[in-house]
Amino acid sequence: MAIILVPFLLSGCFDRYRSTESLCNDNLSLCQALNLNDGQCRIQRTNLIWQRYTTLQDPIDKQKFKELKLTKEYQFCLEYAAIIEPTELKQRKTKRIQALYHSYESIERLNQELRLSQDPHIIYYRWSQGDHIAKQQFLALEGNKKLEHPDLQLALAGYYIRKNKTKTLHILHHSLSLYKTNDDININILHSLATLYYQPVQHMYG
C-alpha cells in the first residue's frame with residue numbers, strides 16, 4: 001500500500017517551506033534528478049522529496065528506511081510512467097527514464113547505508129531481500145523487547161507457520177495484544193489466524 005503523506009503535517013518542514021517548489025529551490029540536490037513538472041508519479045515524488053528533506057535534517061536509520069520505502073514506491077510508479085508516450089513534450093519521457101535510473105541508484109545507496117543497521121524492522125527487511133545473515137539476526141531477537149511490535153511479531157510468526165502451529169498461533173495472538181485502542185490492525189495478522197484455524201476443517205473435507 002502506498003504511503004500517503006501531507007507535507008504540511010511534517011514537523012518542522014512546513015514552518016520554513018510553504019510548498020514543494022520552495023523546498024526544491026533551496027535544496028536542489030533533493031529534487032533535480034526527479035521528473036519535476038510532470039503529472040506522472042506526482043504524489044510519490046512529493047512524498048519522497050519531503051522525506052529526503054527529513055532525512056537530511058535527521059539522518060538516522062529510521063528516516064533512511066522511510067526514504068528507502070518511498071523511493072521504491074516512486075520507482076514502481078516510474079516503471080509504468082517511463083513507457084508512456086507523452087502526446088506533447090517528448091522530453092518528459094527522457095526525464096522519467098533518467099529519474100527511474102536515479103531511483104535505482106538511490107535504492108542501492110540506501111541499502112548500503114542500512115546494511116549494518118540494528119533496527120529490527122530493517123533487519124527483517126534485509127531478510128526479506130534474501131540476506132541469510134539478517135535472517136539469523138532477526139530470529140536471534142526472539143523474546144527480546146525489540147520485537148515487541150505487531151508487524152515484527154507477524155514476521156516471526158511467518159517463520160514458524162510451517163514448523164509449529166501452536167507457537168505460531170501464540171505469536172499471532174501476542175501481536176494483536178500489542179495494539180492500542182484505535183490503532184489500525186494489520187489485516188495480515190487476522191488472515192493468518194483465520195487460515196490457521198481453518199486448516200483442520202479444510203483437512204477434514206479435503
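Please read all numbers here as calculations on a predicted model, not as lab measurements.
- Taking the side chain as every heavy atom from C-beta outward, Thr195 and Ile161 never approach each other to under 4.5 Å.
- By the side-chain hydrogen bond (donor to acceptor under 3.5 Å, both in side chains) test, Asp151 is found to be paired with Asn186, residues two or more places apart in sequence or in another chain being considered.
- The NZ atom of Lys66 lies 9.5 Å from the CG atom of Asp58; values are rounded to the nearest 0.5 Å.
- No donor-acceptor pair closer than 3.5 Å links the side chain of Asn35 to the backbone N or O of Cys41.
- Atom CG of Asn47 and atom CZ of Arg42 lie 9.5 Å apart (nearest 0.5 Å).
- Between Ile189 and Tyr179, the closest side-chain pair of non-hydrogen atoms falls below 4.5 Å.
- For the ring pair (Phe, Tyr, Trp, His ring centres under 6.0 Å) condition, the pairs that include at least one residue of residues 56-75, sequence neighbours left out, are Phe65-Tyr125.
- A donor-acceptor pair is defined here as one N or O able to donate and one able to accept, closer than 3.5 Å; no such pair exists between the side chain of Gln32 and the backbone of Leu30.
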Kindly list each side-chain donor-acceptor pair under 3.5 angstrom involving residues 133-144, sequence neighbours excluded, with atom names and distances?
from: Gln137; atom 1: OE1; to: Arg126; atom 2: NH2; distance (Å): 3.1
from: Glu142; atom 1: OE1; to: Tyr160; atom 2: OH; distance (Å): 2.6
from: Glu142; atom 1: OE2; to: Lys167; atom 2: NZ; distance (Å): 2.8
from: Asn144; atom 1: OD1; to: Lys146; atom 2: N; distance (Å): 2.8

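- For Lys95, the salt bridge (charged side-chain N to carboxylate O under 4.0 Å, His left out) criterion is met by no residue, not counting sequence neighbours.
- Shown here are the ring pair (Phe, Tyr, Trp, His ring centres under 6.0 Å) partners of Tyr101, two or more places apart in sequence or in another chain: there are none.
- When every heavy atom of Ile171 is checked against every heavy atom of Gln153, the shortest pair comes out as CG2-O, 3.2 Å.
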| task | Run the numbers on Gln51 and Thr54 for side-chain contact (heavy atoms from CB on, under 4.5 Å), then give the verdict. | result | CA-CA 5 Å; Gln51 180 56 45; Thr54 300; 4.0 Å; yes
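- Within a 6.0 Å radius of NE2 in His170, other residues, nucleotides and ligands contribute 12 heavy atoms or fewer.
- In summary, Arg109 and Glu105 do not engage in a salt bridge, as defined by a charged side-chain N under 4.0 Å from a carboxylate O.
- Not one N or O on the side chain of Ser103 forms a donor-acceptor pair closer than 3.5 Å with the backbone of Thr71.
- Partners of Ile187 under the side chain to side chain contact (heavy atoms under 4.5 Å, CB included) rule, at least two apart in sequence or in another chain, are Leu190, His191.
- His102 places none of its side-chain heavy atoms less than 4.5 Å from the side chain of Gln98.
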